[in-house]
Amino acid sequence: MKTPYDPHALETKWQSRWDDARLFEAPDSDPRPKFYMLEMFPYPSGRLHMGHVRNYSIGDVVARIKKKQGYNVMHPFGWDAFGLPAENAAIERGVHPAEWTYQNIREMRGQLKRLGLGYDWTREIATCHPEYYRWEQLIFIRALEKGLVYRRKALVNWSEKMQTVLANEQVIDGLDYRYGLPVVQKELTQWFFKTTDYAEELLSAIDDLEGHWPERVLLEQRARIGKSHGTLVNFQLTPPVDGQSVLPVFTTRPDTLYGVTFMSLAPEHPMALKLAQGTPHEAAVNAFVQKALQEDKHKRGTDAGSQGDIFTGRTCINPINGAEVPIYIASYVLMDYGTGAVMAVPAHDQRDFDFARRFDLPVQVVINPPNGTALAPATMTEAYADDGVLVNSGPFTGLPNREAMTRITEHLAQNNHGAQTIHYRLRDWCVSRQRYWGAPIPVVYCDRCDVVPVPESQLPVTLPEDVDFRSEGGSPLARCASFVTTTCPQCGGPARRETDTFDTFVESSWYQLRYASPRCDTGPVDPAQVQQWLPVDQYIGGIEHAVGHLMYSRFYHRLMQDLGFFGPEVPREPFQRLLTQGMVCKETLFTRDANGHIQWHTPEQVDEDGNSRQNGQPVETGRAEKMSKSKHNGVDPEEIINRYGVDSARLFVLFASPPENDLLWKDEGVEGVHRFLGRVWHFVTQQRDAIAGAPHTVDAAAPLDDAQKEMRRAIHRTIEQVSTDVDGRFHFNTAIARCMELTNALTRFRPDQSDALGLAIQREGAIALLQLLSPFAPHICEELWEHLGQPGFIAEAPWPSFDPALAKADTLTIAVQVMGKMRGTVEAPADCDTEAMKDLALAHPNVQKHIAGKSIQRVIAVPGKLVNIIAR
RNA sequence: GCCGGAGUGGCGGAACUGGUAGACGCGCUGGAUUCAAAAUCCAGUGGGCGAAAGCUUGUGAGGGUUCGAGUCCCUCCUCCGGUACCA
């Protein structure tokens, strides 16, 4: 009698049983140790894609294993629900962003539930809900009071098309990430978080993440913070310009100070225009600066050609030697690094060297190589940037340059001409966005009282419902008079509300904290619950958030802690361990038209002859790329689930490659794992009665025959191997492979119905297999668990243990080499000593053949592994 | 340019701290079952030589260390990421 494997019926059945039993709800107080498992929450786009399936399946496996290992697992889910697509939907289809978003959430929640993911849905949050963002507004106000938030004019990436500010990561080669249209620089007054106050801590704390976060992410974070030691040097302006008598410069090479032959300022530098005022160069400088400012920031420097620089007509004084230094404006100098001014040392910096040669400016050598050769400015073909000994440097001549760095800096400091300083590349975080669908920034502008934070009692500042969305963009909030018009909380006079909303990275910077007490109505978090649950023990998400989201969260967690929202005993890092999973890719299909333009196709658009049904052209197969709508290489998870069931879909994404690698989607691969589940199903259902009736323990005293011994060994070894594969290493692909091997062994092991011992072993194997497989393919395992009459949910059954003695083999296969070449294998008892191994190896006929006529010089034996005979 | 990472069968991928390369799966080939097909099951499957035993070659290329190298060291090539005038 064969019961067919019908995944759909049993998957629905177990999902509702888990629900009814509230299996995945995490109690706040529980004697078990806690384990906080979190995957990066999604933007509710409306449809689940394969990348989600992968991310959440990986997380679910970890959560289920931890649960079986006896942890009180919190595995929450929520929605990163603010963002531009909702507004675009409003413009394009006339749906209100809120309606669109909540509808999408409903749909995606349904899809996720069908995946059988063990989330604690009672903790669900959506960041667009006022009960979420009201606390964000509170945090902002507290930060403002503490001086950790401020407002300033800043040049921002401005998209004309979208009428909004873009983050640096949304600008690719000077074009916006969405439409690929130019992004210009525009000056706006913006709100900033003082992330730079935390630069040092964010950097030094990275050391503690070593080994727990991917090396690559740590590297990128370190690079983004960009700490560099240097010296601030004040060049003097005589006479002062616009009241300024100094021009500060940041340099990492104070040892080359005597070699400065000119100075370069960024076009944005506040002194740029003022310096040229009244000089014959004024008009030219004005024109140059104007042009540079309009030019795209990224393109500007690339042709470091003659167009890129201009003389201001002014000079300044080098404080170390009183030398007069001409001041230039150079497009390659960045305003947002250092002071926006660079001292140029052509002899020892390649860029300055190129510049000097182009303009025929003097080159002054101040460091000679340690080997004694003297550099000559006239004949140098490139800058000398390495270490050496100082020359032409007044009292510092003769010093090794490393030492000179400190000495010169000290000298400057003593004379008030400079100071040692540390500089970070990290910038303060601009959080203002000129959009509707975001959390309103809770401040009010009053003509009398200036900037006034909205009192805490008046929070949340909610988004008005009735607003006007227009395709030409601009801020709908700014157009909404009923929102903008308000009274000043301080003087009661007429006032205007801030119409910018927060960057959506603000919401995702603290959601991991909110999950600990998702319905807390006394503050953003309940400190006791934060202490109970944080930090996140395992975080999983895409590598694309390596710096953005992960840096903001690390900052925000500390910010909230320092504002007193939770206690100092909570660790300062929000995410203990991080796993970055790879993308889901699939091969692409395309045709080319006469002009060589590529058109992408879905597999359905290809006919039997391999031609496109659309244009008749022969279809070519491209390389595998990330699944996307535009490339037409996506696979809809629903379709896969309808065809094979959830367990097969999950199992495939876990089996096809290790989590951190990209995954290559293959329909045949899904069929493969589906077949495997079918084998498991048929094995257990067919042996069901025999297994259920077998003794529940294997008699330890009973003598086993070879096949039985081998079977038991396979069972215990599999438990051992799956446990190590899964624990910390997340090698789910090999863990599943081991389950497949065990299944193959079990289906071959056919004890006689009267053989109680054999049946007991079969039972032991079947139960172990279901246990090990259950985190990966939970539904089928629950069903078969029930078939075998096992009590309770397999999801709650403790992770199986193994007997190391049983996992070990009695005899080992020893590799035998002659002169390092494989010549055969011998069977040796497990406890065989090296002498006995050597004897066995030497007795091997093939070995005899290869050492015939030679003398044995040496025999190397590695216990339990191999024997290598050196004979000449 | 600079900084990382990776190159293993037809494919995805295994191989713990140097010790039988290719586990497991896909695909392919042959067979069983079937009126037939699908499904399922069994066997084989890196290349070359061989009837077989076996030999030989093989982890991007070249060199090195070692009794022994996919694994360690050096040089180079390719691909993939990150970053880009950072003073």
Side-chain angles (χ1 to χ4, degrees), chain A residues 2 4 173 214-220 222-224 226 228 230-231 249-253 256 263-264 266 298 300-304 308 330-334 336-345 349-352 354-355 423-425 543-544 546-547 585 587 623-624 651-652 655-658 660-673 675-676 678-679 682 721 724-725 729 731 733-741 743-744 747-748 813-825 845-846 849-850 857-871:
Chain A
K2 256 190 170 181
D173 295 329
E215 196 51 44
R216 191 182 146 192
V217 175
L218 301 183
L219 208 74
E220 283 177 38
R222 284 197 181 100
R224 172 61 61 94
S228 63
T231 302
V249 163
F250 174 74
T251 179
T252 53
R253 295 295 304 271
T256 63
M263 177 79 71
S264 296
H298 293 261
R300 196 208 274 168
T302 51
D303 59 326
S331 57
Y332 71 79
V333 180
L334 305 173
D336 53 8
Y337 189 80
T339 62
V342 178
M343 60 177 229
V345 186
D349 179 285
Q350 193 58 42
R351 271 165 321 175
D352 297 343
D354 296 340
F355 188 101
H423 191 264
Y424 299 91
R425 186 180 320 184
I543 188 74
E544 65 273 21
V547 276
C585 301
E587 69 181 15
R623 48 182 269 187
L651 203 58
F652 173 71
F655 177 64
S657 71
E660 62 275 14
N661 287 16
D662 283 350
L663 181 149
L664 184 63
W665 183 270
K666 282 254 187 195
D667 289 345
E668 299 88 338
V670 191
E671 281 171 32
V673 294
R675 261 200 295 273
F676 161 65
R679 281 202 297 276
H682 289 121
Q721 291 176 326
T724 49
D725 280 349
R729 300 209 315 161
H731 285 196
N733 54 336
T734 54
I736 292 166
R738 313 254 187 242
C739 290
M740 289 173 169
E741 282 176 301
T743 307
N744 293 342
T747 50
R748 267 180 223 124
T813 307
I814 305 291
V816 180
Q817 301 181 337
V818 177
M819 299 296 290
K821 277 186 193 281
M822 276 297 297
R823 294 302 172 193
T825 57
N846 205 29
K849 199 172 103 190
H850 280 91
Q857 320 233 304
R858 215 177 132 192
V859 181
I860 292 143
V862 181
K865 292 274 186 191
L866 119 173
V867 176
N868 189 8
I869 297 156
I870 313 304

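Remember, it's a predicted structure, so these values are computed and weren't measured experimentally. Convention: sequence-line order gives letters A, B, ...; per-chain numbering from 1. Hydrogens, waters and symmetry mates play no part in the numbers below; they use all other heavy atoms, side chains included.
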What is the nucleic acid contact for [X], judged by heavy atoms within less than 4.0 Å: base, sugar-phosphate only, or nothing?
X: A:G672; answer: sugar-phosphate
X: A:D662; answer: sugar-phosphate
X: A:T813; answer: base
X: A:E741; answer: sugar-phosphate
X: A:R738; answer: nothing
X: A:R222; answer: nothing
X: A:N868; answer: base
X: A:L866; answer: base

Does any nucleotide pair with [N] by Watson-Crick or G-U wobble geometry, both distances under 3.5 Å, and what is it?
N: B:rG1; value: B:rU83
N: B:rC76; value: B:rG60
N: B:rC28; value: B:rG44
N: B:rA39; value: none
N: B:rU8; value: none
N: B:rA52; value: none
N: B:rA69; value: none

Point to revise | Worked verdict on A:Q817 versus A:I860 for side chain to side chain contact (heavy atoms under 4.5 Å, CB included) | key: CA-CA 10 Å; A:Q817 301 181 337; A:I860 292 143; over 6 Å; no

Practice item. Kindly point out which of B:rC24, B:rU20, B:rG54 is positioned nearest to the side chain of A:K849? Key: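 Selected nucleotide (nearest to the side chain): B:rG54.
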
Review point. Is there a donor-acceptor pair under 3.5 Å between the side chain of A:N868 and the backbone N or O of A:G820?
Key: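 Yes.
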
Point to revise | Stepwise side chain to side chain contact (heavy atoms under 4.5 Å, CB included) test for A:F655 and A:F676 | key: CA-CA 12 Å; A:F655 177 64; A:F676 161 65; over 6 Å; no

What distance, rounded to whole Å, do you find between the two [atom1] atoms, one in [N] and one in [M]?
N: B:rA21; M: B:rA37; atom1: P; value: 42 Å
N: B:rC24; M: B:rC76; atom1: P; value: 40 Å
N: B:rU40; M: B:rU33; atom1: C1'; value: 9 Å
N: B:rG25; M: B:rG46; atom1: P; value: 15 Å

Check your understanding: Phosphate oxygens OP1/OP2 of B:rU57: is one of them under 4.0 Å from a side-chain N or O of A:K821?
Key ->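 A:K821 to B:rU57 OP1/OP2: side-chain N or O found under 4.0 Å.
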
